[in-house]
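I have placed the structure first, in the form of C-alpha cells, so that the comments after it can refer back to it.
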Amino acid sequence: MIGLGSYGYTAPASSKISGYDVPEGVDIRGRFDEEFAKILTKDALQFVVDLQREFRNHIKYAMECRKEAKRRYNEGALPGFDPATRYIREGQWTCAPVPPSVADRRVEITGPVERKMIINALNSGAKVFMADFEDALSPSWENLMRGQVNLKDAVNGTISFTDNARNRVYKLNDHTAKLFVRPRGWHLPEAHILIDGEPATGCLVDFGLYFYHNYATFRKTQGQGFGPFFYLPKMENSREAKIWNSVFERVEKMTGIEKGSIRATVLIETLPAVFQMDEILHELRDHSVGLNCGRWDYIFSYVKTFQGHPDRLLPDRVQVGMTQHFMKSYSDLLIRTCHRRGVHAMGGMAAQIPIRDDPTANEAAFDLVRKDKLREVKAGHDGTWAAHPGLIQACMEVFTNTMGSSPNQIETVKRDDASNITEDDLLQRPRGVRTMEGLCLNTRVGIQYLAAWLTGAGSVPLYNLMEDAATAEISRVQNWQWLKYGVELDGDALGVRVNRELFGRVVDEEMARIELEVGKEKFKKGMYKEACKIFTRQCTALTLDDFLTLDAYNHIVIYHPKVQAKL
C-alpha cells in the first residue's frame with residue numbers, strides 16, 4: 001500500500017481533535033471507531049481532500065447547469081440531441097478495448113455494501129457484483145464506513161461473517177464474481193466529513209477511500225492489471241462524465257498506474273442522458289466499459305423532467321415497462337451506441353425475489369424474469385442485473401442459451417436498425433391508465449421504503465420485489481404529478497380526480513394497512529410515522545424536490561461529540 005510520499009508530496013500538519021488523525025482543513029463529525037480509523041487514515045483522507053479541492057468547483061458548476069436545464073424544461077422545452085456535438089455522434093471512433101477480466105458480464109448481481117451481502121453476492125455465481133454506496137444503501141455514517149471496511153476485506157480475500165442465529169460462518173469461495181463499486185451521485189453531500197468548512201462530495205469520499213485502499217491489490221487479484229472497476233450513477237450529460245474522466249486521470253497519475261486502468265460503466269438513468277450517450281462514452285473513451293439501462297430511475301427522471309408538462313402524465317407505474325415505445329427506444333439506442341463504440345450494453349434489473357412459501361407464485365415470478373431476460377438478450381444486451389442470488393441461475397441460462405460461449409454480443413449484434421430512432425421515439429408519451437390502486441400502491445411502497453431507509457436499510461423487500469431508492473422516487477414524483485394536475489383516475493371508470501383530500505384519505509388508509517401487515521409492535525418501533533410525514537410533505541409540496549433522499553438525509557446525519565483518540 002502506498003503512502004502519500006509515493007506520489008510526490010507530504011501531508012500537512014494534522015489534528016486529532018475528532019479522534020481521527022486528519023489533514024489540515026478536515027473535520028470529521030462522525031462517530032470515532034477503531035475500525036473506521038483504519039479507513040480514515042491521514043493519507044487516505046489527504047487523497048480525498050486533494051480530489052475535493054481540485055474538482056469541487058467543476059461539480060458546483062455542473063449542478064448549476066442542472067438547475068438551468070430544469071428551468072428550461074419547466075418553461076416548456078424538451079430534451080434532445082445537441083446539434084453542437086453531432087460530429088461526435090457521427091464520428092467513427094471507438095472506446096478502449098474491454099479488459100479481458102470483464103469481457104463476460106452476462107449476469108451481474110447488485111446490492112448494498114453490507115458484509116453478509118458482499119460475501120453472498122461474490123459467491124452467487126454471477127459474473128459481476130456491483131457493491132452499492134448509492135440507491136441500495138442508506139448513507140448513514142455507520143453504513144458508509146462499515147461498507148469501506150467490508151470492501152477492503154473483500155478485496156484482500158479475508159472477509160467473513162458469523163451468523164450466530166443460524167450458527168453459520170460465511171466466507172468467500174475460491175472463484176468469485178468481479179467487483180464493481182457504485183459511489184453516490186454528484187449531487188449528494190457527505191455531511192460527516194467537512195473539508196475547508198463545507199461538506200465533502202459524497203461520491204469523492206466513496207470513490208477516494210475505496211480506490212486508495214484497494215487499487216493495488218485489486219489490480220493483482222481481480223483486474224489482471226486493470227481496475228478498479230466502477231458504476232457511475234445519475235449523470236445527465238457529458239459535462240458530468242468529463243469530470244469523472246478527469247478524476248480517473250488524476251488518480252492514475254497520483255498513484256503511477258497506467259492511463260486507462262480504471263474502468264467504469266455509466267448508468268443511463270436520466271432522460272437528458274439518453275440524448276448524450278455517444279458524448280458520454282466519448283468523454284470516458286479511455287475508461288469506459290459500457291452503459292447500463294437504469295430503467296427505474298429513468299422512469300423517475302421522465303416524470304421529473306416533465307414536471308411542468310401536464311400533457312405528459314404517466315399511467316400507473318406497473319404499466320410503464322420496457323414494452324412502452326419510449327422505453328424500448330431507449331434500450332435499443334443504448335445497445336446500438338455501445339456496440340458501435342466497442343463496449344458493453346447492459347440490461348436492467350430483475351427485482352423479483354424468490355417466494356418460498358408459494359410455489360405457484362414463485363414460478364410465475366420466475367417466468368416474468370425469464371421473459372424479460374430473453375427480451376434483453378434477443379435485443380442485443382451483453383448482460384443483465386439481478387437483485388437476488390436466487391435469480392442468477394435462471395438469468396444465466398437465458399443469456400447462455402442465446403450467446404453460447406461468446407463473452408458478449410459487442411461484435412455480433414450491431415443493431416443498425418436503431419440508427420433511425422428519433423427524439424420523438426425517445427419522448428413518446430407512455431400509454432395506459434391511472435387507477436386508485438396505483439395511487440395506493442405508490443403511497444404504501446413509498447412510505448415503507450422510506451421508513452426502512454431512515455432506520456438504516458436501503459435495499460428493502462416489499463411485496464416480493466427488492467426495492468431501492470428508485471422505486472420510492474417513482475412513487476413520490478408520480479403522486480406529486482397527479483396531485484399537481486388533479487388527474488382523473490381514468491382506469492376506474494368512476495371519474496374520480498386526485499386532490500389533497502383524496503390523498504389524505506389514501507395516506508390514512510395505507511398507514512392502517514401497513515400497520516396491519518407489519519404488526520403493531522414493528523409499526524410502533526419503526527419510523528413509519530416519520531416516513532409518512534416526509535413522504536406526504538414531498539408529494540404535496542408546491543415545488544418538486546429533485547431527490548427524496550436529499551431531504552431525508554438530514555434525518556440520518558448524526559454528529560458525535562469530539563473525543564480524544566486513545567493513544
Side-chain angles (χ1 to χ4, degrees), residues 81-106 108 127-128 178 180 219 223-232 235 237-249 252-253 257-269 273-294 329-347 376-377 379-384 399 403 405-421 426:
F81 296 108
D82 185 353
T85 52
R86 179 192 294 268
Y87 72 99
I88 293 175
R89 294 191 297 277
E90 295 181 352
Q92 298 301 312
W93 53 270
T94 57
C95 296
V98 173
S101 58
V102 287
D104 189 340
R105 299 169 61 187
R106 65 188 68 197
E108 301 186 340
K127 297 294 184 181
V128 166
K178 289 291 186 291
F180 279 58
R219 286 161 56 77
Q224 298 175 19
F226 286 90
F229 304 132
F230 296 93
Y231 260 97
L232 304 178
M235 283 194 272
N237 52 57
S238 61
R239 179 186 296 107
E240 297 175 22
K242 184 174 184 176
I243 303 173
W244 268 119
N245 195 70
S246 298
V247 170
F248 294 163
E249 289 181 344
E252 286 170 344
K253 187 175 181 180
I257 62 177
E258 296 85 355
K259 182 179 179 181
S261 294
I262 300 169
R263 294 303 178 93
T265 299
V266 172
L267 289 127
I268 300 299
E269 54 186 353
V274 80
F275 298 99
Q276 293 251 310
M277 290 193 290
D278 274 306
E279 292 88 335
I280 287 169
L281 287 177
H282 190 260
E283 290 292 353
L284 285 159
R285 58 192 179 276
D286 293 327
H287 295 103
S288 179
V289 279
L291 304 175
N292 172 288
C293 284
S329 299
Y330 144 67
S331 170
D332 289 347
L333 184 59
L334 183 144
I335 295 165
R336 193 244 178 187
T337 303
C338 288
H339 289 182
R340 189 173 171 224
R341 306 310 180 186
V343 290
H344 292 103
M346 302 302 296
E376 286 183 330
V377 71
H381 281 292
D382 303 291
T384 192
F399 268 76
M403 288 168 50
S405 59
S406 299
N408 53 61
Q409 303 190 88
I410 295 172
E411 295 299 330
T412 56
V413 182
K414 289 300 187 181
R415 290 305 305 269
D416 289 335
D417 58 305
S419 63
N420 295 323
I421 290 174
L426 295 165

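Numbering of residues begins at 1 and proceeds along the displayed sequence.
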To the nearest 0.5 Å, tell me how far [X] [atom1] sits from [Y] [atom2].
{"X": "Ile335", "Y": "Cys293", "atom1": "CD1", "atom2": "SG", "answer": "6.5 Å"}
{"X": "Leu291", "Y": "Met277", "atom1": "CG", "atom2": "CE", "answer": "6.5 Å"}
{"X": "Lys127", "Y": "Phe399", "atom1": "NZ", "atom2": "CZ", "answer": "13.0 Å"}
{"X": "Arg106", "Y": "Asn408", "atom1": "CZ", "atom2": "CG", "answer": "9.0 Å"}
{"X": "Thr384", "Y": "Glu108", "atom1": "OG1", "atom2": "CD", "answer": "8.5 Å"}
{"X": "Asp104", "Y": "Ser405", "atom1": "CG", "atom2": "OG", "answer": "9.5 Å"}

Heavy atoms, side chains only, cut-off 4.5 Å: are [X] and [Y] in contact?
{"X": "Asn292", "Y": "Leu267", "result": "yes"}
{"X": "Asp82", "Y": "Asn237", "result": "no"}
{"X": "Leu426", "Y": "Phe81", "result": "yes"}
{"X": "Arg415", "Y": "His339", "result": "no"}
{"X": "Val289", "Y": "Phe180", "result": "yes"}
{"X": "Val102", "Y": "Phe226", "result": "no"}
{"X": "His344", "Y": "Thr265", "result": "no"}

Under the rule for side-chain hydrogen bond (donor to acceptor under 3.5 Å, both in side chains), what residues qualify as partners of [X], not counting sequence neighbours?
{"X": "Ser238", "result": "Gln276"}
{"X": "Arg285", "result": "His282"}
{"X": "Glu283", "result": "none"}
{"X": "Arg263", "result": "none"}

Test salt bridge (charged side-chain N to carboxylate O under 4.0 Å, His left out) applied to Lys414 - qualifying residues, sequence neighbours left out: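 Salt bridge (charged side-chain N to carboxylate O under 4.0 Å, His left out) list for Lys414, sorted by chain: Glu411.
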
Has [X] got a side-chain atom pairing as donor or acceptor with [Y]'s backbone, closer than 3.5 angstrom?
{"X": "Asn245", "Y": "Phe248", "answer": "no"}
{"X": "Gln409", "Y": "His381", "answer": "yes"}
{"X": "Asp286", "Y": "Gly260", "answer": "no"}
{"X": "Ser288", "Y": "Gly290", "answer": "yes"}
{"X": "Glu252", "Y": "Ile262", "answer": "yes"}
{"X": "Thr337", "Y": "Leu333", "answer": "yes"}
{"X": "His287", "Y": "Ala96", "answer": "no"}

Derivation of the side-chain contact (heavy atoms from CB on, under 4.5 Å) call for Ile88 and Trp93: CA-CA 8 Å; Ile88 293 175; Trp93 53 270; 3.9 Å; yes

Non-hydrogen atoms of [X] and [Y] that approach each other most closely:
{"X": "Met403", "Y": "Pro407", "value": "CE-O, 3.5 Å"}
{"X": "Ser101", "Y": "Phe229", "value": "OG-CZ, 3.6 Å"}
{"X": "Cys338", "Y": "Leu281", "value": "CA-CD1, 4.3 Å"}
{"X": "Asp332", "Y": "Ala379", "value": "OD1-CB, 4.4 Å"}
{"X": "Ile421", "Y": "Ser329", "value": "CD1-O, 3.4 Å"}
{"X": "Lys259", "Y": "Glu249", "value": "CE-OE2, 3.4 Å"}

task: Indicate yes or no: does Glu279 engage Arg89 in a salt bridge with an N to O separation below 4.0 Å.
output: yes

query: Taking only residues two or more places apart in sequence, or in another chain, which ones meet Glu90 in a side chain to side chain contact (heavy atoms under 4.5 Å, CB included)?
result: Arg86

- request: Evaluate the salt bridge (Lys or Arg N to Asp or Glu O under 4.0 Å) criterion for residues Asp278 and Arg341: first the C-alpha distance (whole Å), next the side-chain angles of each, then the deciding distance (0.1 Å), finally the verdict.
  value: CA-CA 8 Å; Asp278 274 306; Arg341 306 310 180 186; 2.8 Å; yes

- prompt: Passes side-chain hydrogen bond (donor to acceptor under 3.5 Å, both in side chains), Arg340 versus Ser419? Steps please.
  reply: CA-CA 10 Å; Arg340 189 173 171 224; Ser419 63; over 6 Å; no

